[in-house]
Amino acid sequence: MNEFVQEIQARFEVLWSNPQRPDLMQIGVRQVNALPLLTWLKSNTGYFILNHFSAVDWIEDGEFQLTYLLTDYAARRSLMVCVRIDRAAPTAESVHHLWPEAVTYEQEMFEMFGISFPGSPRQGVDLLLEGWEDIPPMRRDFDTAAFAEEAFGFRPGRTHTNPRDRVAIAFGQKGFLHDH
Amino acid sequence: MELLLQILWSSIGVLIAVAYGLLTGGIVRKLFARIQGRVGPPVYQGFIDLGKNFFVRDNISHGPMFYFGPALRTAGGVGIFLFIPAIVGWAPGENFSFAGDLLLVMYFMFFGSLGMALGGSAGGHPHTPIGAGRGLSQMTAFEVPFILAVIALVADTGSFSVHDLTLAQAGGFLEWNLLTHPFAAAAAFIAMLGMNGYAPFNVVGAPNEIPVGPMTEYQGGFIATLGTGRAIFAIAKMILFMDLFLGGATSILEAFIKVFVIYMWSVAVAAVFPRYRVDQSMRFFLGWPALIGVVAVLLALF
Amino acid sequence: MGVEEKGKVPLLPSGVPVGSKPHATDSTLFAQGRPKPLSLDESVAFIKNWFRAQSLNVMAYGTGCGSIELGPLGTSRFDMERFGITGGPTPRQSSVLIISGYLSVKTLKRVIRSYEQMPNPRWVVALGSCTINGGMYWDSYSTIKILDQYLPVDVYVNGCMPRPEALIAGFKDLMDMIKRGEANGYIEYQNNLDWYRANQRKVIKDWNLPEYSW
Amino acid sequence: MSLKNALAPFGIWARALARPYTIPVEDIMRAPADRYRGWHTNDAEACIGCGSCSDICQNAAIDMVVNRDATKGDTGLRPMVDYGRCCWCALCVDVCPSGSLGLSSEYTWVDKDPEVFRYVPGVDKKPWDDDTKGWHGGEWDLINHDRVPMSMLPGETRGQTWAEVVLGYSEEEAQREAARCLECGICTAACPAHMHIPEYIGAIRDGNYEQAVNLIYETNPMPEMCGKVCTRRCEDVCAHAKQGEPVAIRWLKRFATERFDDLREVIKADVAPIGVGKRVAVIGGGPSGITVAYYLAIRGFEVNLYEALPTLGGATFFGIPKYRFPMPSLEKQVDMLRGAGVKLHVNSPVDAALFEELRSTHDAVFIGAGLMRGKAMRVEGEDAPGVVNALTFLLEHHLRNNTDSDKVSKEPVVLPGMKVAVVGGGNTAIDAARVSLRLGASEVVISYRRRKEDMPADWEEIEDAEHENIQIDVQAIPLRIEQTPDGRLDLIWGPAEMVADKPGARPKPVLVEGVENHLVVDRIIGAIGQGPNLRWLSPEAQGTIADKWGWIKVNEDGMTGMPGVFAGGDLVNETADAISAIADGLRVVQGIPRWLGLQ
């Protein structure tokens with residue numbers, strides 16, 4: 001796999017590469033190089049199957065990572081192309097012209113992460129969340145449990161007592177180093 | 001007075017036919033279940049289903065045309081029953097058989113399906129035209145061998161009256177058209193498989209692909225009416241076949257037995273064969289069965 | 001949260017509140033030493049309910065993982081047809097709607113539409129924990145937690161998922177309730193339609209169902 | 001299509017006559033597999049309400065609801081399962097430390113009311129409560145029952161050294177042990193001082209040692225002492241103790257405090273200086289006195305502490321051998337007092353006159369004088385030379401070795417090569433025996449009236465003693481002591497048999513008449529208990545604050561019958577351990593400001 005990364009490096013800038021398994025290589029490229037690289041992979045190499053296409057929310061870095069999983073079935077090897085995009089204005093180039101099946105992935109990512117792919121045919125059409133009004137739910141700053149409680153509510157009538165609190169109250173646990 | 005009496009007898013006949021149809025349907029469900037290794041519903045389940053459908057509170061209508069489906073279907077069944085002799089030579093069972101009744105009955109057979117297509121389409125459900133289209137296509141196909149068989153019989157006997165056709169077989173079972181006109185019988189009995197709508201020709205109401213085809217929008221009382229119609233339609237068809245090929249019946253018991261046996265032919269096939277697509281079934285009916293029908297006609301003519 | 005209490009007590013067509021048993025289980029009847037004969041209305045209702053209970057058509061709509069437990073019911077081993085239970089191919093011809101587990105908001109929309117297309121009397125059987133209080137999906141953003149806020153549930157079958165045997169027990173209970181005239185969720189739904197509608201509209205943001213779809 | 005192919009399918013009609021596969025209606029509720037996971041069962045008596053089930057539940061299906069009064073070892077809570085959430089994964093069963101929770105094999109529950117699918121297993125009676133099938137755990141557990149072993153000096157070498165026997169946890173070991181904690185807090189009920197145990201263990205687990213010692217100091221000014229020699233009732237009730245080894249709470253506390261050489265920089269007190277201008281005298285520098293002095297001093301009180309011995313620590317100084325609690329550890333805690341501004345008066349025994357003076361010059365006086373009188377064995381010949389009391393022996397030994405005090409005898413009580421017998425079964429007896437061994441005794445025998453399992457000493461102490469080749473004679477009742485002609489002592493004892501006179505009570509040793517055994521030794525050390533000694537007070541004062549045996553009675557604030565005089569420690573409570581004394585001190589720390597009207 002390393003030779004293949006060298007081959008890519010000769011044409012495009014590879015930021016980092018990380019062999020995950022003997023048959024799975026992960027590389028990172030700049031966003032400007034992503035579409036040319038994918039086009040080149042699709043047309044000139046065996047990696048012309050788009051197996052999976054998804055996003056990761058790196059909220060700490062302020063970035064989304066788009067991961068294209070391409071597979072060379074003849075060689076039984078896969079290549080993961082990772083592209084970091086800005087989280088504040090997440091826009092990436094659509095690859096639906098290369099792989100028609102990418103449309104569903106792009107539609108889903110728009111809905112779940114808010115990443116837009118200008119030109120993608122079903123962009124903005126609801127796939128799973130009809131009439132969603134909150135921030136996209138797969139973003140990590142979306143609090144699922146709080147949303148569920150607020151939007152749907154739970155069946156009332158449940159009470160929970162923390163065992164520690166109960167013991168502390170029953171036996172009068174105090175602290176003497178601080179005034180409470 | 002005699003007419004009024006005949007109407008009374010025939011009405012009772014219709015009721016008996018409905019009941020017998022429902023019972024036969026229950027037996028068939030039981031048999032299918034047993035073949036599948038199940039216990040199956042009780043044989044009277046058909047009556048319960050009918051009652052339950054009558055006791056559904058809401059009946060949603062889609063305009064006047066919507067009523068035509070169940071009405072025509074039932075009318076078709078009742079019509080067939082009324083215009084052929086159920087029991088030959090016994091006045092209460094003779095019904096209203098007349099000289100050209102075979103033609104009328106053939107028309108009534110189309111009647112029900114046509115009504116379903118019209119009424120069901122009024123419901124506006126997209127599955128309805130699909131189902132209706134399939135039903136009518138298949139029907140045109142199986143009508144070919146059936147009509148050829150009927151033509152053969154008519155050509156041989158020289159009468160369009162079912163009553164006459166039945167009487168012509170009166171001399172014991174060796175005189176039955178089943179044996180004397182084997183090609184016509186074969187064509188007709190194969191056509192019957194399509195007529196009854198059991199497998200392998202049940203794609204019309206295919207519940208898995210297109211929920212119940214033409215009947216998608218029908219519910220409650222409509223379904224109950226349809227069920228009544230289907231019950232009498234099935235029995236009436238069997239009576240027609242009995243009259244045409246098995247020499248009719250001279251007593252109620254004989255009629256019951258013969259109808260049941262003829263019905264079982266369709267069930268026997270249905271229980272063991274998978275389903276044809278509608279194009280396959282059309283190709284099937286227009287193939288060997290039609291050819292057998294042609295042979296039957298040729299044999300009758302020459 | 002914030003769902004207001006149901007307003008009025010739903011009534012049966014005869015004016016009897018839902019939940020009160022219309023026939024001879026009332027203790028006052030036995031105080032006279034022998035059961036009171038049923039009135040004509042009650043007799044008719046009893047006959048109707050008996051027919052309804054003995055012939056249930058289950059709507060073929062698997063909403064969640066629990067529909068995998070519905071399959072075995074039709075097989076030789078469990079054979080639900082012997083109880084008069086068959087599949088209902090279309091909502092128009094179905095009388096029982098099974099909510100088989102979690103229900104996403106998107107599915108809820110379709111379920112409401114299907115439920116309202118079913119002719120009365122119609123019944124809802126809820127399978128699994130998810131329908132009671134969210135179950136495994138209690139913190140999911142896309143599934144409802146309390147089914148009876150959106151649809152009137154007649155019978156809950158608990159489990160995750162309930163086995164087919166439990167489902168049969170649920171059907172038996174439903175049939176008994178129908179025969180006793182207690183399975184009146186559909187009447188409750190009609191009488192409290194505004195309440196149900198408000199709850200449904202609260203979670204279905206792009207409400208585009210017809211206001212009257214039966 | 002051949003004719004055979006067309007006709008062969010009809011053979012299936014033979015099935016119409018065969019028996020159906022369908023389960024008959026009456027058998028439809030089949031028994032499931034033996035380990036099918038159905039509704040919960042719980043042995044409500046064995047359950048301790050620790051809430052582990054509630055914590056692990058991924059669906060938030062389990063609530064802990066109040067079911068009974070909280071006791072030591074039971075929070076009084078019981079799990080309530082919401083079957084609107086449960087998915088029968090049985091994590092709750094696999095994690096249950098008491099092993100009380102289980103899943104029955106019942107699986108059918110149908111109801112029209114959604115509110116009923118919620119109950120407290122074992123409390124709300126259900127038909128499946130006694131179902132032995134289902135999943136009841138036991139084949140594997142998600143909790144780790146084994147504590148991280150503590151490294152120690154090997155038994156055969158430590159008899160020759162005064163070095164600390166227990167070596168302490170490494171950081172990795174401590175975090176691993178701390179991670180075992182279930183954080184249920186049951187231990188805090190059993191701890192007399194109700195320390196913040198789960199909190200500081202959590203801080204240790206997270207590597208936040210500074211926070212850990214601060215949490216410890218909330219209720220304990222002598223944590224290093226407690227970390228080494230506490231009687232640790234917390235560990236007896238630890239949820240882990242039900243089926244495995246309790247969390248090593250004591251060793252973890254020791255680990256946290258040993259991380260810091262000087263705690264004065266680390267402990268951050270934040271209390272209102274309510275006591276500025278008020279003076280408090282503390283008599284006795286033991287655990288209770290140190291507690292009162294420290295916590296009042298950080299509240300701005302002017303505290304004068306009077307200690308008769310040359311160094312503070314009380315019983316923890318003279319009673320506990322230094323191989324268990326070394327002097328530097330004690331010094332560290334005393335430094336904290338100095339840092340808090342306590343005025344220490346060592347070598348200052350209080351007599352009746354000074355007591356009266358303290359009462360008049362201070363706003364409050366605290367007596368934490370401890371039990372300074374060893375009980376007599378009450379056997380004939382007890383006053384023979386060579387028979388000593390353990391308390392005297394240990395005090396003399398510690399003063400000689402750890403201070404420059406001149407109140408010591410010319411030579412040690414136990415000399416190298418002597419054979420020593422210790423009478424008694426408590427921690428003091430073990431201490432006396434092990435100290436004797438380290439002083440060079442050739443042979444040490446502990447003689448105890450009851451069985452080994454009845455010994456009040458810690459089982460760890462007993463084991464350690466045995467590892468050091470100390471012989472333990474059990475069921476031996478001393479009859480008399482005689483002097484042999486060659487100047488040695490003959491301890492004559494009779495064997496005892498254990499008689500259970502009433503059910504539930506521990507059996508009593510009853511002497512087997514007619515048998516006399518001889519144990520010829522050089523020294524006999526009696527260690528059968530301690531008693532109060534208030535003779536330094538005036539008789540009137542004694543009569544006011546104490547009963548006729550010298551035990552002091554106090555109210556809920558820790559105040560004695562004499563206004564302004566508070567008391568605590570071993571004089572007040574009968575448990576006679578350091579942590580109880582600290583708890584007494586804490587009571588007085590609240591009681592004095594309340595009595596002075598400072599709150």
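Reminder, nothing fancy here: chain letters follow the sequence lines and each chain counts from 1.
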Point to revise | Sequence neighbours excluded - side chain to side chain donor-acceptor pair (under 3.5 Å) pairs with any residue from residues 22-44 of chain A | key: A:E13-A:R30, A:N18-A:Q26, A:Q20-A:Q26, A:R21-A:D23
Contacting moiety of [X], where chain A heavy atoms sit under 4.5 Å:
| X | result |
| --- | --- |
| D:A583 | neither |
| D:P114 | both |
| D:Y295 | side chain |
| D:D55 | neither |
| D:V271 | both |
| D:M195 | backbone |
| D:S54 | side chain |
| D:L215 | neither |
| D:K268 | backbone |

For [X] and [Y], which heavy atoms make the closest approach, and how far apart are they?
| X | Y | result |
| --- | --- | --- |
| A:H160 | D:M64 | ND1-N, 2.9 Å |
| A:K174 | D:Q590 | CE-OE1, 3.0 Å |
| D:A189 | A:F171 | CB-CE1, 3.4 Å |
| D:E115 | A:P156 | OE1-O, 4.3 Å |
| A:T159 | D:D63 | O-CB, 3.1 Å |
| D:E218 | A:L177 | OE1-N, 3.1 Å |

Against chain A, work out which of [options] has the most heavy-atom pairs shorter than 4.5 Å and name it.
| options | value |
| --- | --- |
| D:L586, D:T71, D:T188 | D:L586 |
| D:A60, D:A193, D:G84 | D:A60 |
| D:I267, D:T219, D:D270, D:I62 | D:D270 |
| D:C191, D:G51, D:G49, D:G76 | D:G76 |
| D:K72, D:H194, D:M80, D:E183 | D:H194 |
| D:A272, D:A70, D:P221 | D:A70 |

Exercise for review: Establish, yes or no, whether the cationic atom of D:R85 lies under 6.0 Å from the six-membered ring centre of A:F154 and within 45° of the ring axis.
Suggested key: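 The answer is yes; both the distance and angle limits are met.
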Point to revise | Greater than 12 external heavy atoms within 6.0 Å of D:E265's CD | key: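 For D:E265, atom CD is not crowded (no more than 12 foreign heavy atoms under 6.0 Å).
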Review point. Chain D heavy atoms under 4.5 Å from A:N162: which part of the residue, side chain, backbone, both or neither?
Key: backbone
Point to revise | Under 3.5 Å: donor-acceptor pair, side chain of A:R164, backbone of D:G185 | key: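 No: the side chain of A:R164 does not pair with the backbone of D:G185.
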Working to the nearest 0.5 Å, report the span between [atom1] of [X] and [atom2] of [Y].
| X | Y | atom1 | atom2 | value |
| --- | --- | --- | --- | --- |
| D:L77 | A:R166 | CG | CZ | 5.0 Å |
| A:H178 | D:I298 | NE2 | CD1 | 9.0 Å |
| D:N67 | A:T161 | CG | OG1 | 11.0 Å |

Check your understanding: Could you name the residues of residues 67-78 of chain A that have a heavy atom within less than 4.5 Å of a heavy atom in chain D?
Key -> none
